[in-house]
Amino acid sequence: MEMHMHAQILEWLTTAGERLKAPLRQDLTVAEKTSAKDLVTEMDHQTEEYLLGKIHQYYPDHHTIGEEGSDRSKASHDCGYLWIIDPIDGTMNFVKQKDHFAIVLAIYKDGQPLAGYIYNVMRDHCYYGWVGAGVFLNGEPVVPLEISDIRQGLVSGNMDMYAHEKYPNCRKLLDYSLGGRYNGSGALSILDVLTGRTAVYLSLGLEPWDLGAGHVLAEILGFPMTRPDGSSVDIFHKGPVIFAQPAVHQQVIEILKSGELND
Ligand code: IPD
Ligand code: CA
Ligand code: CA
């Protein structure tokens, strides 16, 4: 990862973030995608177009995927550079709360994680990292708080999942923990695990743009990202995912499998 590329990305994220703040003071054009719970705004489209435009301008031979438009089949996953963009992660928060959303960008090279950026716009917190360098928050190295036992940590994920009778072991996980935190942005929830604010984030289905940057940062910090049965995740196949603090990962898998924790 070249410093020049990193500096460009920070500049683009700052500009994109400033543009997102402006419409929060005005009416937004909001549309439903699959349902009233799945929204998109004109700012999702504009932010994605802006970032993809910059990438194509400076790196015309790189592959790109953006949540709001691009055809995934056109992107090569394991050859050369691949950029994956979520222009606004937490669009519902962007619309209803005007807070708690992030611009998310991941870069893979030859199929391997290279760099990840998660920019919490309203807090002006940019978490980023690249392989071989570490993970940083606005330039300062991130030192995660450690959680050694699920019974000493908080869990996060979608509230419906923990409450749903179809997933009784998710409920057990919540019961074993100190409680739940639900923030409506997958990327910001993953950051909570990586910094130690929560012990685990569980989702039943994330797309590459939701989890790509978190995956890269987790790899750099040595945090596991697996399926609930402990198997490995291909980020291009939507499915359930766990991000966990290293010391609690096996406990989480045990509880999700059996509903019990034996020690
Ligand atoms: C969503 C958020 C949410 C997660 C959903 C995602 P979006 O992304 O990350 O927390 O539960 O699965 O789709 O639609 O706001 O970019
Ligand atoms: Ca998302
Ligand atoms: Ca999005």
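First listed ligand is number 1; within each ligand, the first listed atom is number 1. Predicted model only: the values in this text are computed from it and were never measured.
Atoms of ligand 1 found under 4.0 Å from any heavy atom of N158, numbered from 1 in the order shown, are 11 (O). Atoms of ligand 1 lying under 4.0 Å from any heavy atom of G184, numbered from 1 in the order shown and given with element: 2 (C), 3 (C), 10 (O). Close approach to S185 involves these atoms of ligand 1, each under 4.0 Å from a residue heavy atom: 9 (O), 10 (O). Remark: ligand 1 atoms within the under-4.0 Å shell around heavy atoms of D86 are 16 (O).
With no hydrogens or angles considered, a side-chain donor-acceptor pair links T41 and D44 at under 3.5 Å. With hydrogens and angles left out, the side-chain atoms of T64 and H56 include a donor and acceptor closer than 3.5 Å. Neither side chain, N138 nor Y127, offers a donor N or O lying under 3.5 Å from an acceptor on the other. Checking Y108 against H63 by side-chain atom types alone, no donor-acceptor pair falls below 3.5 Å. Judged by distance alone, the side chains of S231 and D229 do bring a donor and an acceptor atom under 3.5 Å apart.
Looking at G186 next to ligand 1, an N or O pair under 3.5 Å apart turns up. Remark: ligand 1 and T91 share an N or O pair separated by less than 3.5 Å (distance only, no angle test). For ligand 1, none of its N or O atoms has an N or O atom of L206 under 3.5 Å away.
For D210, the N, O or S atom with the smallest separation from the Ca ion (ligand 2) is OD1.
The proximity of N93 to ligand 1, defined as any non-hydrogen pair under 4.0 Å, does not occur for either the backbone or the side chain. Residue D210 touches ligand 1 through its side chain alone, judged by heavy-atom distances below 4.0 Å.
Rounded to the nearest 0.5 angstrom, H45 NE2 and E67 CD are separated by 9.5 Å. Separating the OG1 atom in T29 from the CD atom in E42 is a distance of 4.0 Å, to the nearest 0.5 Å.
Here I88 meets the criterion, with an N, O or S atom under 3.0 Å of the Ca ion (ligand 3). For the Ca ion (ligand 3), the N/O/S atoms of E67 include one lying under 3.0 Å.
Counting heavy atoms from C-beta on, the side chains of L173 and N169 never come closer than 4.5 Å.
Cluster annotation: L137 and V143 are assigned to distinct hydrophobic clusters (Ile/Leu/Val/Met/Phe/Trp/Tyr, side-chain heavy-atom contacts under 4.5 Å, transitive).
Among protein heavy atoms, the minimum distance from atom 7 (P) of ligand 1 is reached at G90 N, 3.7 Å. Ranking the protein heavy atoms by distance from atom 8 (O) of ligand 1 puts D89 OD1, 3.1 Å first. Of the protein's heavy atoms, E67 OE2, 4.0 Å lies nearest to atom 14 (O) of ligand 1.
In this structure, I88 counts as a contact residue of ligand 1, since one of its heavy atoms falls inside 4.0 Å of the ligand.
M5 pairs in a side chain to side chain contact (heavy atoms under 4.5 Å, CB included) with only one of the listed residues (Y58, W130, Y59), which is Y59.
An angle of 90° is found at the Ca ion (ligand 2) between D89 atom OD1 and D86 atom OD2, rounded to 10°.
The aromatic rings of Y128 and Y117 sit parallel, their planes meeting at an angle under 30°, below the 60° perpendicular limit.
Atom 5 (C) of ligand 1 lies below 4.0 Å from none of the non-hydrogen atoms of the protein.
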